[in-house]
Amino acid sequence: MPQDAETERESLFEAPPMAEQERMVEAILFATSEPISARELDARLPHGCDAAEALVHLRRRYEGRGVSLARIGDGYALRTAPDLGYLMQRETVEIRKLSRAAIETLAIIAYHQPVTRAEIEEIRGVSVSRGTVDQLLEMEWIRFGRRKMTPGRPVTFVVTDTFLGHFGLETARDLPGLRELRAAGLLDSRLPPMSMPGAKSEDDEDELPLKDGDQSELFEE
Amino acid sequence: MPQDAETERESLFEAPPMAEQERMVEAILFATSEPISARELDARLPHGCDAAEALVHLRRRYEGRGVSLARIGDGYALRTAPDLGYLMQRETVEIRKLSRAAIETLAIIAYHQPVTRAEIEEIRGVSVSRGTVDQLLEMEWIRFGRRKMTPGRPVTFVVTDTFLGHFGLETARDLPGLRELRAAGLLDSRLPPMSMPGAKSEDDEDELPLKDGDQSELFEE
Amino acid sequence: MADDWAEAPGAVAERLAAEALIVDVDGFEGPLDLLLTLSRTQKVDLRKISILNLARQYLEFVEKARQLRLELAADYLVMAAWLAFLKSRLLLPPDPEEEGPSGEEMAAHLAFQLERLQAMRDVAARLMARDQLGRDFFVRGQPETVTRTRKVTYTATLLDLMQGYARTRTRDEFRPYAMDREAIFSLEQALDRMRGLIGFAGEWTDISAYLPEGFGTDPARRRSAAASTFAASLELAKEGRIELRQSEAFAPIELRRRG
């Protein structure tokens, strides 16, 4: 069939049949990197072809298909059907471990709730970044509690039922205390140097260590 | 749990009808220039779709068109019909001219794969230059296969899907003349009798050229 | 030699062919390629080729090249030597005492190699004659990129939580502990130190000479350093890098480099 078309063209200089012209236009539109006008198509097709007519046939052929013939200005291009655009997106869900800063902040909220940001900072010895709190809020593991009746009436944080559900706890009071943690061997005595006071871990980048004064106050407690 | 909710929600919907699945596959394949495997398609289609079946329908639909569905290794891709190549002068990319040595090496790898460097050298009767292999690797036409379980555990070479795609082959079994060569026993690895020139050990990775001294000794013989 | 050429039928053509080969010797990809080209002059199926004739042609070629003082690469000469050997094997009656493959076996393998090389060249040509991507058929010209949206969900375990809490609450406890470590000279440190020093230990030396600086005076530190240095020297002795000796119980332990 294609060979026939070619020999026909060459011997008689007659235009190939319309079906053949249509597949030629289809191939050119598929392979070009930019929309192409009917005039340009005519220039690329064998002598005597009628790109405009072939385009009409092609448009009809692709009606309702996953691909459609789009007109863009003077040019034509094959495009995936607009209703299938969602297939061109891939959503990947990535599960990541919470950063050390987030875990520590979360732990302090769970053990000390309701707790203010200043109190969290006091305990951790570093300032708590807004991003960490926002992340925990967004995960719905913490929420705002009542304002504290101290000067400035700071907001407090408490853990949520989602938090309790995730960690399989009935109440936050069920969390083991320090002594129990130690007895259970959960207090790792060989801490990596990262956790030494003053040393920052990567995820703590936006956290500024508190001044020495603040820190020593804590040790005196 | 969010994951459970998602699968539940998805299974509430039935898979779209096959005609719809076909247009989805069509859209996805149209959008990309790289081959996509049926498994990847399944992952991108809504739950319950059967990409393999949709591909069968789609291949039939594109038969005789200006664009056709090609199978390349594990993947599928749309390609223009080869007989229309003459219309595409503008799209033609300069194909790197390969040396005779590179072409022969490529053919030997394709027909004898997995094949070691020593085996290629045995067949061609000359040492394979590093440049030749590097060039084929760089074009992504060959890659390393498994090491051979012979002394020295030499690396082997195999051809890639890029190679298959370039030459319009579905699998390496479709190589032209493969069956005849096999029937004629020309693909058997026959070890040369001892004392043949070129009968060297497999693990001769970096063979050194003979020194001038060695050459002159030979003249005296 | 010239007489031989003249006597043979079709000699002129053959000689011209041979000379053309010599001039073009750089164009050959090794002796096998040359043999394959020579074998074409026999104008028969490669399976029916006369290896004896081929060996003669090749040797004549090499001889002619030497007369013309053309430099042939070593592998051409290795092949020449081997073909001369093969020729003698094929011509002389087989020696039952002789070991190794027979002349016929060697000839058969050479014929196989030539046929295989020719076959690979034929299929290589067929491969390159196929329709090729980017020349005869084409990929999608306007690929639409798949946008990847990445959704990240974070997780943590109860253990993470409790350890995190413990970490914040006990941070102060670790400070004195960190100071403790200053009095400890670990086995790793001792090994590192000794590996660097034993190169110079040609003579028997008291092991106490290997104690690190600053560890000799404070009893606690000295104890730690002595223990780890002794353990490290045992390890090095096990590796065969040093020898140890002690004249009697509680006498100084001495070491020296081995070999």
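Each chain gets a letter, A, B and so on, in the order its sequence line appears, and its residues count up from 1.
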Whether over 12 other heavy atoms sit under 6.0 Å from [X] [atom1]:
X: Y86(A); atom1: OH; value: yes
X: F230(C); atom1: CZ; value: no
X: R39(A); atom1: CZ; value: no
X: Q246(C); atom1: CD; value: yes
X: D161(A); atom1: CG; value: no
X: D74(A); atom1: CG; value: no
X: R193(C); atom1: CZ; value: yes

Below 4.5 Å from any heavy atom of chain C, which atoms of [X] appear? Answer side chain, backbone, both or neither.
X: F163(A); value: side chain
X: E138(A); value: neither
X: L78(A); value: both

Quick check for you: to the nearest 0.5 Å, what is the distance between I28(A) atom CD1 and F138(C) atom CZ?
10.5 Å

R140(C) (side chain) donor-acceptor with A31(A) (main chain) under 3.5 angstrom:
no

[X] and [Y]: which non-hydrogen atoms are nearest, and at how many Å?
X: A107(A); Y: Y165(C); answer: CB-CB, 3.6 Å
X: G164(C); Y: E104(A); answer: O-CG, 3.7 Å
X: S33(A); Y: Q142(C); answer: O-CG, 3.2 Å

Indicate yes or no: at least one non-hydrogen side-chain atom of D160(C) is less than 4.5 angstrom from one of L98(A).
no

